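First comes the structure, then the notes that go with it.
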Amino acid sequence: MEIPTGVDVREARLRRWMEGIDVARLLFGMSLLLLAFVYGVATAKFRLWPMAQLSEARQAFQALTRVENDSLMQGILELDSNVPAMPQTTMLAADAGTEKLLVTGGSYQLMQRCPEFGCLAWIIDRNGHVLHSWEVDLDALAATFSGAAGRVLPRNLYPIGMALQSDGGLVVTFHGRNTFPYQLGIARIARDGRIIWARLDYSHFLFDAAAATEIYTPAMKLVNGMEYFGNSAVKVRCKVAMYASGVDVVGPDGDIERHLPVIRALDESGYRGAFYGLRDDCDPLHLNSVDLVPASIAPKLGVAPGDLLVSLREPSIIALLDARTGAIRRLVADRTAAQHSPRFLPDGSVLVFDNLGGDRATGGSRIARIDLLTGKTTTVFPQPGETQLVPFFSSDGSHLSISPDGRRTMVSLKDQGLDIEIDIASGRPIWKMEKTLDISRYLEFANVQSRQTRARFKAYGTYYVTDQQFRNAGLGRPSR
């Protein structure tokens, strides 16, 4: 009897395995794999379906891998039981302003006054006494913004820009912590805190609602498959959905009346160099502020009243746009670095929070004044020799308001939780407020155990309110 070798055994097993194969099914399966491979290559090359969906899913996944701890409400800089239970104001000079101030709050802030959801915003006098507040249903807001990916929770929502309306209501733009995208939308809030309308439309940052019937707000659109910037030869390196910044014009009922795309405006106006050397092609412009050109200033700048002053953070550009077409009317570049919140002064110059263009010796940020006709730029604050409010720095964000007389600015220094009023002519700090709050009520409400019951909060914006505005809006009457 012949004993089979190992090779014979393997050959026998191979023959039995091949005899059991359905060749037709095998060929069909291989054909499907080949077609899938070919379609996958075509999808990547020609941006076919589902390239856009896969791109957005990848971007959402990347965003959510950077999820922050969100057991506490958004906006806390640090926990410290030794800080005061309420924001503290300090008069630094006798010529500080006397106007009331609208303070940007947030989810579950100042719960001793707004016990259910906290105060979205409040108005104070210069001694810090609260004169009016807005408590908004955060559950309803979270439901409105639930179409965004991620953790759209009430404690993760926060107001980023706001404007007081003549009827005592607010227009507010919202961001979200641990959401994708982080830009959520815009809402109209009544004097008593009711939500009149709210939209998930990716409006964000700082807007202008001074016009009688329209709101001009930065807005983001997710764009897939852009290979080049406009008609230029500058390639887009972003491999996922791009944040394409522009301006939305929003009507009084919250409907978008038109959108002004700024990538197209730069391209068609001949500023294609702005696309080269960007540090982030996935957020190439990061438009973070809109301010309308006043009628008194327009002739000096050679533009029309109501045209738009915008800040483009990534290319470090401040530009004037035609409010109807979005075309670039005037542009100043490279005088600031990653700036926010440019605002007009009465003489037509612009004040801006220059995040990274200040001297490192004083913190790295500064308040700069820019002549839009010549590009000449000077530092308003910190002045040489300034010691009491340095280091002065916010890596991103921060906000400026200009006083009604145009002589002072209120600086909200986000990363330091400070509001500082500065005399523009001299650069002197003349008033300040430290944003500290008691959070013990929230800790009890959320069943969070913490030995620290007070916190220092980010400062997102404080706005001047005149006595006449306050009275006309009916805010002198008792509020809830």
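Everything numeric in this text was worked out from a predicted model, so none of it was measured.
Taking the six-membered ring for Trp and thresholds of 30 and 60 degrees, His204 and His175 have ring planes inclined between 30 and 60 degrees apart. Ring pair His399/Tyr463 is tilted by interplanar angle, where 30° to 60° counts as tilted. The aromatic rings of Phe145 and Phe174 sit tilted relative to each other, their planes meeting at an angle between 30° and 60°. The aromatic rings of Tyr243 and Tyr182 lie perpendicular to each other, with more than 60° between the two planes, well past the 30° mark.
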* To do: Applying side chain to side chain contact (heavy atoms under 4.5 Å, CB included), run through Leu373 and Arg330 and close with a yes or a no.
  => CA-CA 8 Å; Leu373 298 177; Arg330 191 174 293 279; 3.6 Å; yes
* May I have the step-by-step check of side chain to side chain donor-acceptor pair (under 3.5 Å) for Ser412 and Asp419, ending in yes or no? => CA-CA 4 Å; Ser412 296; Asp419 287 285; 2.5 Å; yes
* Check step by step if side chain to side chain contact (heavy atoms under 4.5 Å, CB included) holds for Phe344 and Val350. => CA-CA 5 Å; Phe344 282 110; Val350 168; 3.9 Å; yes
* Asked: Where do Arg199 and Asp255 land on the salt bridge (charged side-chain N to carboxylate O under 4.0 Å, His left out) test, with the steps shown first?
  -> CA-CA 9 Å; Arg199 298 179 57 96; Asp255 290 336; 3.4 Å; yes
* Checking side chain to side chain contact (heavy atoms under 4.5 Å, CB included) for the pair Leu292/Phe207: CA distance, chi angles, key distance, verdict? -> CA-CA 9 Å; Leu292 268 62; Phe207 59 92; over 6 Å; no
* Stepwise side chain to side chain contact (heavy atoms under 4.5 Å, CB included) test for Ile424 and Leu351 -> CA-CA 9 Å; Ile424 295 171; Leu351 208 64; 4.0 Å; yes
* Stepwise, does the salt bridge (charged side-chain N to carboxylate O under 4.0 Å, His left out) test hold for Lys100 with Asp467? -> CA-CA 7 Å; Lys100 297 173 177 60; Asp467 288 341; 2.6 Å; yes
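Smallest separation of non-hydrogen atoms from Ile422 and Phe381: CD1-CG, 3.5 Å. Between Gln74 and Gln109, the shortest heavy-atom distance links the atoms O-NE2, 4.2 Å. Counting all heavy atoms, side chain and backbone alike, Ser133 lies closest to Cys114 at OG-SG, 3.7 Å. Here the closest heavy-atom approach between residue Asn447 and residue Gln449 is recorded as OD1-NE2, 3.9 Å. In this structure, Ser341 and Asn288 approach most closely via the heavy-atom pair N-OD1, 4.1 Å. Nearest heavy-atom pair, Pro159 versus Gly105, reported as atom, atom and distance to 0.1 Å: CG-O, 3.5 Å.
With hydrogens and angles ignored, the 3.5 Å screen pairs no side-chain donor or acceptor of Ser398 with any backbone N or O of Leu413. Under a 3.5 Å cut-off, the side chain of Ser269 and the backbone N or O of Tyr271 do not form any donor-acceptor pair. In this structure, the side chain of Ser107 engages the main chain of Leu157 through a donor-acceptor pair within 3.5 Å. Here the side chain of Ser245 pairs no donor or acceptor atom with the backbone of Met220 at under 3.5 angstrom. A distance-only check finds no donor-acceptor pair linking the side chain of Thr462 to the backbone of Val103 [under 3.5 Å]. Put simply, the side chain of Asp125 gets close to the backbone of His129: a donor and an acceptor are under 3.5 Å apart. Side chain of Thr436 to backbone of Pro84: a donor-acceptor contact under 3.5 angstrom is found. At distances below 3.5 Å, not a single donor-acceptor pair connects side-chain atoms of Thr362 with backbone N or O atoms of Gly358. For Gln416 (side chain) and Pro391 (main-chain N/O), a donor-acceptor pair under 3.5 Å exists by modelled atom type. Trp431 places no side-chain N or O within donor-acceptor distance of the main-chain N or O of Ala94, the cut-off being under 3.5 Å.
Between Asp80 and Arg456 there is no salt bridge, since none of the side-chain N atoms of the basic residue sits less than 4.0 Å from a carboxylate O of the acidic one. Remark: Lys414 engages Asp396 in a salt bridge, criterion side-chain N to carboxylate O under 4.0 Å. Electrostatic pairing of Asp70 and Arg177 does not count as a salt bridge here, judged by no charged N lying under 4.0 Å from a carboxylate O. Between Arg366 and Glu386 there is no salt bridge, since none of the side-chain N atoms of the basic residue sits less than 4.0 Å from a carboxylate O of the acidic one. Salt-bridge check for Asp267 with Arg272: passed, with a basic side-chain N closer than 4.0 Å to an acidic carboxylate O. Ion pairing of Arg188 with Asp167 is present here, as a side-chain N (NZ or NE/NH1/NH2) and a carboxylate O approach within less than 4.0 Å. The pair Asp347-Arg369 meets the salt-bridge criterion, since a charged nitrogen lies less than 4.0 angstrom from a carboxylate oxygen.
The environment of Gln388 atom CD is dense: over 12 non-hydrogen atoms of other residues, nucleotides or ligands sit within 6.0 angstrom. The neighbour count for Lys300 NZ, taken as heavy atoms of other residues, nucleotides or ligands under 6.0 Å away, is above 12. Around atom CD of Glu444, no more than 12 heavy atoms belonging to other residues, nucleotides or ligands sit under 6.0 Å away.
Interatomic distance, CZ of Arg329 versus CG of Leu321, reported as 10.0 Å (0.5 Å rounding). Within the model, atoms CD1 of Ile123 and CG of Leu164 stand 5.5 Å from one another, a figure rounded to the nearest 0.5 Å. Atom CG of Asp139 is separated from atom OG1 of Thr144 by 11.0 Å, given to the nearest 0.5 angstrom.
No hydrogens or angles considered: nothing links the side chains of Asp334 and Ser316 as a donor-acceptor pair under 3.5 Å. Side-chain atoms of Glu99 and Thr466 include no donor-acceptor pair closer than 3.5 Å. Using modelled atom types, one finds no donor on one side chain facing an acceptor on the other under 3.5 Å when comparing Thr217 with Asp248. Asn355 and Ser365 share no donor-acceptor pair across their side chains, judged by distance under 3.5 Å alone. Inspection of the Arg454 and Ser81 side chains reveals no N or O donor paired with an N or O acceptor under 3.5 Å.
Within the 4.5 Å cutoff, no side-chain heavy atoms of Ser311 are placed close to those of Leu287. At least one side-chain heavy atom of Leu312 sits less than 4.5 Å from a side-chain heavy atom of Val262. The shortest side-chain heavy-atom distance between Arg441 and Tyr108 does not fall under the 4.5 Å cut-off. Between Leu309 and Val290, the closest side-chain pair of non-hydrogen atoms is not below 4.5 Å. Two residues are said to be in side-chain contact when any heavy atoms from C-beta on lie closer than 4.5 Å; Ile328 and Leu266 meet this criterion. Glu214 has its side chain out of reach of Val250: every pair of non-hydrogen atoms, C-beta onward, lies at least 4.5 Å apart. When side chains are defined from C-beta on, Leu184 does not count as touching Tyr202, because their heavy atoms never get closer than 4.5 Å. Within the 4.5 Å cutoff, side-chain heavy atoms of Asp201 are placed close to those of Ile186.
Taking the six-membered ring for Trp, Tyr158 and Tyr460 have ring centres closer than 6.0 Å. Tyr442 and Phe117 have their aromatic ring centers separated by at least 6.0 angstrom.
Partner of Glu421 under the side chain to side chain donor-acceptor pair (under 3.5 Å) criterion, out of Lys432, Arg428, Arg408: Arg408 alone.
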